[in-house]
Engineer: 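Quick one: the structure is below, and I'll ask about it shortly.
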There are 2 protein chains.
Amino acid sequence: MLDRTDAAVRAAGRGPEDEGARGRFDRIYQALRMRICLLDYAPGERLREEDLAEEFGVSRTPIRRVLVKLEAEGLLRSVHGVGTIVTDIDVGELAQVYELRVELAELVGKLSPAVVDAPMVERFRQIRESCDQMVRKADPREFARINMEFFHLFNSLTTNQPLRELSERLYYQTTRIWLKTASRLKEYEELLVDEFIIFQREVADITEAVEQRDPAAAGHIRRAHIAMSFARIRRAADASVANAAPTSL
Amino acid sequence: MLDRTDAAVRAAGRGPEDEGARGRFDRIYQALRMRICLLDYAPGERLREEDLAEEFGVSRTPIRRVLVKLEAEGLLRSVHGVGTIVTDIDVGELAQVYELRVELAELVGKLSPAVVDAPMVERFRQIRESCDQMVRKADPREFARINMEFFHLFNSLTTNQPLRELSERLYYQTTRIWLKTASRLKEYEELLVDEFIIFQREVADITEAVEQRDPAAAGHIRRAHIAMSFARIRRAADASVANAAPTSL
DNA sequence: TTTTCTTATGTTGTGCACAACATCATGAGG
DNA sequence: CCTCATGATGTTGTGCACAACATAAGAAAA
């Protein structure tokens, strides 16, 4: 029986540098997923297993493990003899994912709602403040980061773990495409500022709902915002291509 | 440019026995997932990579690839030095998954509904007939098989691919637990017959809705049936444990 | 007898060399 | 000049030996 104690001691005394196989796996996985989501690896870009192996100080084997998982989540696609490339989805598929995200957002406020306590409310308020402070400089990367942070916080409104995981998965599939689509538009700078202001408004509204201990209302607000966000980006994209090719008239 | 033609020809002329890496991967993946879902591998059971490698005539490497994907889907859990074991979830987690499945079932009929043509209706009718013919012998395995077949058919009512994948994932997570829970009850035989009759009724109702070209109605019917199915199994399980331990009174 | 340490055994995780595959460059033949 | 074959190059996929790890059995000491 002392073996278990020994093992527990070793696990507890494990420093941040000497991680086990599981910890290393998670670390690399999170790092790569973040890079894909933040467009460090753009859709269509090719990843070389050997480069990643060298960077993380391991061989190709554990890297491949991570890549398989990312492929299972639809973020990568490995082709024998060609390479592992970051997936890119067209507007039709994106619409389907958003269609689903909209519904799941509402469900987050409806299914197994978490008890909203003071610390939870405080976290929402902090995000809102971070938002207000950062409104002057609309850095795309910072916007993506805070957007992700808020997503996770909103997601914690439900205790339904499967719902959380599925929402998270769809989120990571869409935001990067959203960012990529937005960055290709000519009115990129203004659009980003507008989106940030709208996002700021969303955070404020949802924080208010949370303050009133009303997760369902928060869900409805977020549902509407996600739907409108996609509608805006699609309109902007359509208008952009319409402006790009009027020379043929 | 002719390289692509050559590649296409080789891909088309590829026989069933000489499959590429991708085909082999999918084959093993589907086989293992089916075994887990049909309780050939019971929850808690330990899988040995080497046995699987020998059975499928490959080394451990491609097997591990499959196991990683199955782990990403929540069907397996690999522990260093211990083994890869089939996941087992308690009634609380199961309730959460069902809670979500119920909602997704309704969404299948609501989001991006597929056009219901004559062949589609015919497939539903065939399932209904298979159901009627098989009502006399209530074989658990056959029940699971036809249930799965019907699930896939129902899922094809939506063209929303992400919704399909998510529904499928939750389905594979729950049915095996449902089967396992049911098989542990004392009234297993009668319960199975009852469930089969109820399932038969569900198939008939949904087929009727499909015949009337009303996917939304089909979604509502299935939603109700999934919810009731879980309520029944939970009640039966509660009653079973209540009967198992009244001796302490 | 009980406890504790050591050892044996079995499992997953890792590293490395090589095979399978796709693509591009090169050049011979028309 | 164009077409097609052929090899060169780079990538992912596979097999195998070994390391890391957890567990259970057994021996030694209290």
Side-chain angles (χ1 to χ4, degrees), chain A residues 1-14 17-29 32 41 44-72 76-87, chain B residues 1-14 17-29 32 41 44-72 76-87:
Chain A
M1 270 301 177
L2 251 277
D3 318 358
R4 301 194 56 180
T5 305
D6 184 38
V9 166
R10 272 187 308 180
R14 184 172 284 162
E17 58 280 347
D18 62 330
E19 56 190 355
R22 198 43 170 248
R24 176 164 47 201
F25 175 81
D26 286 339
R27 183 172 57 91
I28 300 177
Y29 167 76
L32 291 188
Y41 299 143
E45 187 172 340
R46 238 179 39 192
L47 270 53
R48 294 185 3 98
E49 296 181 352
E50 205 144 354
D51 289 352
L52 295 174
E54 187 180 8
E55 176 186 347
F56 289 97
V58 294
S59 85
R60 276 180 56 209
T61 310
I63 296 292
R64 300 196 87 254
R65 230 180 114 97
V66 174
L67 296 185
V68 168
K69 182 168 180 181
L70 289 170
E71 185 178 8
L76 293 178
R77 192 176 111 250
S78 289
V79 182
H80 190 181
V82 179
T84 61
I85 60 183
V86 181
T87 54
Chain B
M1 272 297 179
L2 252 276
D3 318 357
R4 302 193 57 178
T5 305
D6 183 38
V9 165
R10 271 187 309 184
R14 184 172 283 163
E17 59 280 348
D18 62 330
E19 55 189 359
R22 197 42 169 252
R24 176 165 46 202
F25 175 81
D26 286 339
R27 183 171 57 91
I28 299 176
Y29 166 75
L32 291 188
Y41 299 144
E45 187 172 339
R46 238 180 39 188
L47 270 53
R48 294 184 3 98
E49 296 180 351
E50 206 146 350
D51 289 351
L52 296 173
E54 186 180 8
E55 177 188 344
F56 288 99
V58 295
S59 85
R60 275 180 55 208
T61 310
I63 295 291
R64 301 196 86 252
R65 231 180 112 97
V66 173
L67 296 185
V68 167
K69 183 170 180 181
L70 288 171
E71 185 178 8
L76 293 178
R77 193 176 109 250
S78 289
V79 182
H80 190 182
V82 179
T84 61
I85 61 182
V86 181
T87 54

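A quick note: this is a predicted structure, and the numbers were derived from the prediction, not measured. Letters go in sequence order (proteins before strands), and every chain restarts at 1.
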Engineer: If you assign each of V79(A) and G81(B) to its closest nucleotide in DNA chain C, which residue comes earlier from the 5' end?
Structural biologist: G81(B)
Engineer: Kindly point out which of dT14(C), dA20(C), dT12(C) is positioned nearest to the side chain of T61(A)?
Structural biologist: dT14(C)
Engineer: So what does L47(B) touch, heavy atoms closer than 4.0 Å: a base, only the sugar-phosphate, or nothing?
Structural biologist: sugar-phosphate
Engineer: Counting side-chain heavy atoms from C-beta on, which of dT11(C), dT14(C), dC18(C) comes nearest to R65(A)?
Structural biologist: dT14(C)
Engineer: Reckon R60(B) touches a base, only the sugar-phosphate, or nothing at all at heavy-atom distances under 4.0 Å?
Structural biologist: base
Engineer: Output all residues satisfying side-chain hydrogen bond (donor to acceptor under 3.5 Å, both in side chains) with E71(A), sequence neighbours left out; order by chain, then residue number.
Structural biologist: R22(B)
Engineer: How many Å lie between CZ on R46(B) and C1' on dT9(C), as a whole number?
Structural biologist: 11 Å
Engineer: Taking only the side-chain heavy atoms of P62(B) (C-beta and beyond), determine which of dT14(C), dT14(D), dT11(C) contains the nearest atom.
Structural biologist: dT14(D)
Engineer: Would you jot down, in residue-number order, the residues of residues 49-59 of chain A having a non-hydrogen atom under 4.0 Å from DNA chain D?
Structural biologist: E49(A)
Engineer: Could you tell me whether R77(B) contacts a base, only the sugar-phosphate backbone, or nothing, with contacts defined as non-hydrogen atoms closer than 4.0 Å?
Structural biologist: nothing
Engineer: NA contact type, R22(B), heavy-atom cut-off 4.0 Å: base, sugar-phosphate, or nothing?
Structural biologist: nothing
Engineer: Taking the side chain of H80(B) as heavy atoms from C-beta outward, which of dG10(D), dT12(C), dT14(D) is closest to it?
Structural biologist: dT12(C)
Engineer: Please identify each residue that fulfils side-chain hydrogen bond (donor to acceptor under 3.5 Å, both in side chains) with E55(B), with sequence neighbours left out.
Structural biologist: R35(B)
Engineer: I want to check something: taking the side chain as every heavy atom from C-beta on, are V86(A) and L76(A) in contact at a cut-off of under 4.5 Å?
Structural biologist: yes
Engineer: Checking R24(B) now: which residues fulfil side-chain contact (heavy atoms from CB on, under 4.5 Å) with it, not counting sequence neighbours?
Structural biologist: E19(B), R27(B), I28(B), V58(B)
Engineer: Just how far, in rounded Å, is P of dT12(D) from CD1 of I85(A)?
Structural biologist: 11 Å
Engineer: Between dT12(D), dT11(C), dA22(C), which nucleotide gets closest to the side-chain atoms of V82(A)?
Structural biologist: dA22(C)
Engineer: Starting from the 5' end of DNA chain D, give me the residue, R24(B) or R48(A), whose nearest nucleotide shows up first.
Structural biologist: R48(A)
Engineer: F25(B) has an atom CZ; how far is it from atom P of dC21(C), in whole Å?
Structural biologist: 17 Å
Engineer: If the condition is side-chain contact (heavy atoms from CB on, under 4.5 Å), which residues does A53(B) pass it with, not counting sequence neighbours?
Structural biologist: R60(B), I63(B)
Engineer: State, yes or no, whether a side-chain contact exists between L32(A) and F56(A) at a heavy-atom distance under 4.5 Å.
Structural biologist: yes
Engineer: Listed by chain and number, what are the salt bridge (charged side-chain N to carboxylate O under 4.0 Å, His left out) partners of R48(A), not counting sequence neighbours?
Structural biologist: D51(A)
